[in-house]
Protein chains: 2
Amino acid sequence: MSDKYASLRLKNQLCFPLYAVSNMITRKYKPLLDELDLTYTQYIVMMVLWEEKQVNEKFLCEALYLKSNTVTPLLKKLQAKGYIDKTKDKADERNIIITLTKKGADLKEKALCVPENIAKEFWLAPEEATELYRILYKMLNQGSSQNP
Amino acid sequence: MSDKYASLRLKNQLCFPLYAVSNMITRKYKPLLDELDLTYTQYIVMMVLWEEKQVNEKFLCEALYLKSNTVTPLLKKLQAKGYIDKTKDKADERNIIITLTKKGADLKEKALCVPENIAKEFWLAPEEATELYRILYKMLNQGSSQNP
DNA sequence: CATTAATAAATCGCACGCGATATAAAGTGA
DNA sequence: TCACTTTATATCGCGTGCGATTTATTAATG
């Protein structure tokens with residue numbers, strides 16, 4: 001009885017709900033982040049900067065699992081908004097050092113309500129959240145281990 | 001001691017790894033789907049059609065948790081590739097009926113190896129996969145319930 | 001020390017994914 | 001029946017994400 005094509009059914013996919021939830025996340029964040037004049041991707045860049053104070057682009061790319069061709073234009077926009085500064089590292093001029101402006105640092109306070117409000121959209125039991133977190137990072141670590 | 005800003009740390013986010021894994025999924029699928037001349041989004045549209053034979057755009061949007069402004073251009077491309085046909089429903093001309101061409105139906109056979117190969121990229125224990133699946137759909141159902 | 005290799009960013013072109021809006025067709029009610 | 005609303009699809013403009021490639025700078029090697 002078992003269908004030869006069962007693996008191609010949408011309902012049997014694990015990647016699809018991941019993809020769909022990710023899209024949904026972006027949608028749910030949008031109205032909250034509009035208040036900060038940030039997109040979701042810009043927001044996670046800011047999260048790194050609120051923690052690290054000073055990073056280069058390579059660090060950001062690795063922290064966010066993104067490529068330079070995504071991050072470069074992103075930083076240009078954040079700079080245009082006055083949230084970050086970019087300067088060349090004098091010790092190694094290939095490095096671009098990214099720092100927060102005062103305006104960017106101040107935004108952290110205003111951002112505090114974002115995680116609160118997002119938590120309301122997707123309520124999970126604490127054990128579910130923990131398990132989800134663990135599995136997702138397991139996938140991330142598996143998936144990012146290769147490539148020359 | 002507990003940091004006022006703890007909720008803004010990237011490591012304390014649940015949405016971020018979801019977003020990162022979703023990006024990673026698209027990356028992993030790409031070389032496999034290149035063989036079928038499909039993108040990931042086009043692939044999930046085809047998955048629906050391999051099951052349903054005949055749908056309208058609204059059905060596709062709901063099945064894939066996407067909006068018409070994403071799906072309309074997608075269908076145009078699948079049509080250009082010769083995988084689908086679009087005809088107006090004579091009973092209600094607002095409806096666009098989407099069907100597979102022979103070429104599109106035949107692609108199902110070739111697609112069989114895709115789920116196999118993807119499974120190699122992200123290996124999870126069966127219980128983990130089940131739990132992940134359950135939690136993701138819980139989130140999808142919560143998140144898509146509102147909006148006027 | 002000159003040539004080659006490696007590295008960090010940036011650029012290019014394409015395909016989403018979205019909110020907002022427009023268009024066209026059907027349904028609704030006074 | 002005729003304005004009004006609802007519904008299905010399409011259009012517009014913007015911001016990602018990506019593979020592939022380029023540019024600028026530093027490191028490595030003979």
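Numbers restart at 1 for each chain; the letters A, B, ... are given by sequence-line order, proteins then strands.
The aromatic rings of A:Tyr43 and A:Trp50 sit perpendicular, their planes meeting at an angle over 60°, well past the 30° parallel limit. In this structure, B:Tyr40 and A:Tyr19 have perpendicular ring planes: the angle between them is above 60°, well past the 30° mark.
Taking atom NZ of residue A:Lys28 and atom C1' of nucleotide C:dG19, one finds them 14 Å apart after rounding to whole Å. Taking atom CG of residue A:Leu33 and atom P of nucleotide D:dT16, one finds them 11 Å apart after rounding to whole Å. In this entry the distance linking CG of B:Asp34 with C1' of C:dC14 reads 12 Å, nearest Å. Taking atom NZ of A:Lys67 as the reference point, atom P of C:dT7 lies 15 Å away to the nearest angstrom. Note: NZ (B:Lys86) to P (D:dA8) measures 16 Å, nearest angstrom. Distance A:Tyr43 OH to D:dG15 C1': 18 Å, rounded to the nearest Å. The nearest whole Å value for the distance from the NZ atom in A:Lys30 to the P atom in D:dC14 is 13 Å. To the nearest angstrom, P of C:dC16 lies 16 Å from CD1 of B:Ile25.
An OP1 or OP2 oxygen of C:dA9 is reached within less than 4.0 angstrom by a side-chain nitrogen or oxygen of A:Asn56. Distances shorter than 4.0 Å separate none of the side-chain N or O atoms of A:Thr26 from OP1 or OP2 on C:dG17. OP1 or OP2 of C:dA8 lies within a sub-4.0 Å distance of a side-chain N or O belonging to A:Lys58. When the side-chain nitrogen and oxygen atoms of B:Lys77 are compared with OP1 and OP2 of C:dC16, one or more of them lie within a distance under 4.0 Å.
Of the residues in residues 12-24 of chain A, none lies under 4.0 Å from DNA chain D by heavy-atom distance. Contacts between residues 88-100 of chain B and DNA chain D, counted as heavy-atom distances below 4.0 Å, involve B:Arg94, B:Asn95, B:Ile96.
Residues A:Leu32 and A:Trp123 are members of separate hydrophobic clusters, defined by side-chain heavy-atom contacts under 4.5 angstrom among Ile, Leu, Val, Met, Phe, Trp and Tyr. Following chains of ILVMFWY side-chain contacts shorter than 4.5 Å, one cannot reach B:Val48 starting from B:Ile97, and the two form parts of different hydrophobic clusters.
Between B:Tyr5 and A:Glu109, the side chains place a donor N or O and an acceptor N or O closer than 3.5 Å (distance only, hydrogens not considered).
Classification of A:Lys120 and A:Glu116 as a salt-bridged pair fails, no side-chain N sitting under 4.0 Å from a carboxylate O. The pair B:Lys110-B:Glu35 does not count as a salt bridge, with every side-chain nitrogen at least 4.0 angstrom from each carboxylate oxygen. The pair A:Lys86-A:Glu57 does not count as a salt bridge, with every side-chain nitrogen at least 4.0 angstrom from each carboxylate oxygen.
Between A:Tyr65 and B:Glu57, the residue anchored closer to the 5' end of DNA chain D is B:Glu57, taking for each the nucleotide with the nearest heavy atom. Taking the nucleotide of DNA chain C with the nearest heavy atom to each of B:Leu74 and A:Leu75, the more 5' of the two is matched to A:Leu75.
Of the candidates D:dT16, D:dG19, C:dC16, D:dT16 carries the atom nearest the A:Gln42 side chain, counting heavy atoms from C-beta on.
Enclosure of atom NZ in B:Lys11 is not indicated, since only 12 or fewer non-hydrogen atoms of other residues, nucleotides or ligands lie within 6.0 angstrom. Shown here is A:Arg134, whose CZ atom has more than 12 heavy atoms of other residues, nucleotides or ligands within 6.0 Å.
The main-chain N or O of B:Leu66 is never found under 3.5 Å from a side-chain atom of B:Thr70 such that the two would form a donor-acceptor pair.
Looking at heavy atoms from C-beta onward, A:Phe16 lies out of side-chain contact with B:Tyr133 at the 4.5 angstrom threshold.
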Contact list (N/O, under 3.5 angstrom) for nucleotides 11-13 of chain D vs protein:
| from | atom 1 | to | atom 2 | distance (Å) |
| --- | --- | --- | --- | --- |
| D:dT11 | OP2 | B:Lys76 | NZ | 2.6 |

